[in-house]
Amino acid sequence: MYEKTYPSKRFRITLEFLKKHVPSHERIFDLGVPNPFSRIMEENGYSVANTTGEDIDNNPSALQTADYDVFTAFEIFEHLLNPYTVLQNVKANKILISVPLRLWFSPAYRSKTDPWDRHYHEFEDWQLDWLLEKSGFTIVDRVQFTHPVKKLGIRPLLRWFTPRYYLVYAVRVP
């Protein structure tokens with residue numbers, strides 16, 4: 001199921017977390033264009049709709065017009081200028097979000113070739129928690145995990161021990 005080019009550890013943990021909290025009959029609105037993980041969700045019986053590439057920071061209307069039970073955003077919030085506005089426009093009461101954590105030993109990611117592939121935010125866990133709380137959500141479950149790389153050096157060594165991703169399941173407070 002996971003091709004060698006995919007981040008299999010991240011996808012495996014995310015899928016297990018999704019299955020733990022979301023029954024496959026619930027419709028998912030996945031922020032971002034169709035991607036390898038949205039295909040994995042579909043292969044596992046989930047009905048998934050994605051955004052079409054619109055600038056969600058400036059036009060969050062897709063969040064209001066789509067028909068869905070669960071909102072997901074896997075490694076998307078770090079690219080947004082204003083994730084608070086996005087969360088305010090989510091109409092589902094269940095959300096699953098993952099973000100890369102800010103690493104003290106590595107600068108924020110910025111592609112040298114793709115002007116859209118950059119991180120405006122790299123969160124610390126408390127920052128995402130606060131953002132969700134301010135948006136009216138309560139965290140039910142969370143997990144952090146590492147992202148080791150098979151390279152030599154101090155940074156690759158630190159990636160074996162330092163959590164890189166933060167995955168959260170939250171529900172809207174009534």
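Nothing here was measured: the structure is a model prediction, and the numbers come from that model.
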Quickly, which of Ile139, Leu132, Val70, Val171 forms a side-chain contact (heavy atoms from CB on, under 4.5 Å) with Ile95? Name it, please. Leu132

Member of Phe17, Phe145, Phe123 meeting the ring-ring contact (aromatic ring centres under 6.0 Å, His included) criterion with Tyr165: Phe145

Donor-acceptor contact present, side-chain Tyr166 to main-chain Ile97, <3.5 Å: no

Given side-chain contact (heavy atoms from CB on, under 4.5 Å), test Leu101 with Gln144 step by step and report yes or no. CA-CA 9 Å; Leu101 291 168; Gln144 293 185 15; 3.8 Å; yes

Give me the atom names and distance for the closest heavy-atom approach of Phe137 to Ala170. CB-CB, 4.0 Å

Flag, side chain of Asn93 to backbone of Arg172, donor-acceptor distance under 3.5 Å: no

Do Asp30 and Asn35 come within less than 4.5 Å of each other through their side chains, counting heavy atoms only? yes

Side-chain contact test, heavy atoms from C-beta onward, threshold under 4.5 Å: evaluate it for Leu63 versus Val86 and give yes or no. yes

Check against salt bridge (charged side-chain N to carboxylate O under 4.0 Å, His left out), Glu16 and Lys20: CA-CA 6 Å; Glu16 289 169 2; Lys20 178 179 176 183; over 6 Å; no

Check against side-chain contact (heavy atoms from CB on, under 4.5 Å), Glu75 and Phe37: CA-CA 11 Å; Glu75 285 84 58; Phe37 192 74; over 6 Å; no

Ignoring hydrogens, what is the shortest heavy-atom contact between Asn89 and Thr85? Give both atom names and the distance. ND2-O, 2.8 Å

So if I apply the side-chain contact (heavy atoms from CB on, under 4.5 Å) rule between Phe29 and each of Asn50, Thr72, Val48, Thr51, which one comes out positive? Thr51

Has Lys134 got more than 12 heavy atoms of other residues, nucleotides or ligands less than 6.0 Å from its NZ? no

Looking only at non-hydrogen atoms, find the nearest pair between Ile76 and Gly32 and report the distance. CD1-CA, 4.3 Å

When rounded to the nearest 0.5 Å, the distance separating CD of Gln127 from CZ of Phe77 is 14.0 Å

Could you check whether Arg142 pairs with Asp125 (Lys NZ or Arg NE/NH1/NH2 to Asp/Glu carboxylate O, under 4.0 Å)? no

Ser38 side-chain N/O to Pro34 backbone N/O, donor-acceptor pair under 3.5 Å: no

Kindly say whether Ser61 contributes a backbone atom to a donor-acceptor pair with the side chain of Gln64 at under 3.5 angstrom? no

Calculate, to the nearest 0.5 Å, the distance between atoms OG and CG belonging to Ser8 and Leu15 respectively. 12.5 Å

A side-chain contact here means heavy atoms from C-beta on lying under 4.5 Å apart; do Ile28 and Tyr68 qualify? no

Measuring only between side-chain heavy atoms, which start at C-beta, is Val22 closer than 4.5 Å to Tyr46? yes

Kindly indicate, with the supporting measurements, whether the criterion side-chain contact (heavy atoms from CB on, under 4.5 Å) is fulfilled by Phe71 and Leu96. CA-CA 6 Å; Phe71 172 81; Leu96 279 88; over 6 Å; no

Quick one: does any side-chain atom of Glu54 pair with a main-chain N or O of Asn59 as donor and acceptor, under 3.5 Å? no

Report whether Leu80 and Tyr84 are members of the same hydrophobic cluster (ILVMFWY, side-chain heavy atoms less than 4.5 Å apart, transitive linking). yes

When clusters are formed by joining ILVMFWY residues with side-chain heavy atoms under 4.5 Å apart, either directly or through shared neighbours, do Leu87 and Trp130 land in the same one? no

Which heavy-atom pair separates His21 from Lys94 by the least distance, and what is that distance? O-NZ, 4.3 Å

Please step through side-chain contact (heavy atoms from CB on, under 4.5 Å) for the pair Ile13 and Lys9, ending with a clear verdict. CA-CA 6 Å; Ile13 291 170; Lys9 177 181 179 182; 3.9 Å; yes

When you measure from the side chain of Asp69 to the backbone N and O of Arg27, does any donor-acceptor pair fall under 3.5 Å? yes

Identify whether Val33 and Phe74 are in the same connected component of the hydrophobic contact network (ILVMFWY, side-chain heavy atoms under 4.5 Å). no

When every non-hydrogen atom of Lys19 is compared with those of Asn44, the smallest separation belongs to NZ-OD1, 3.0 Å

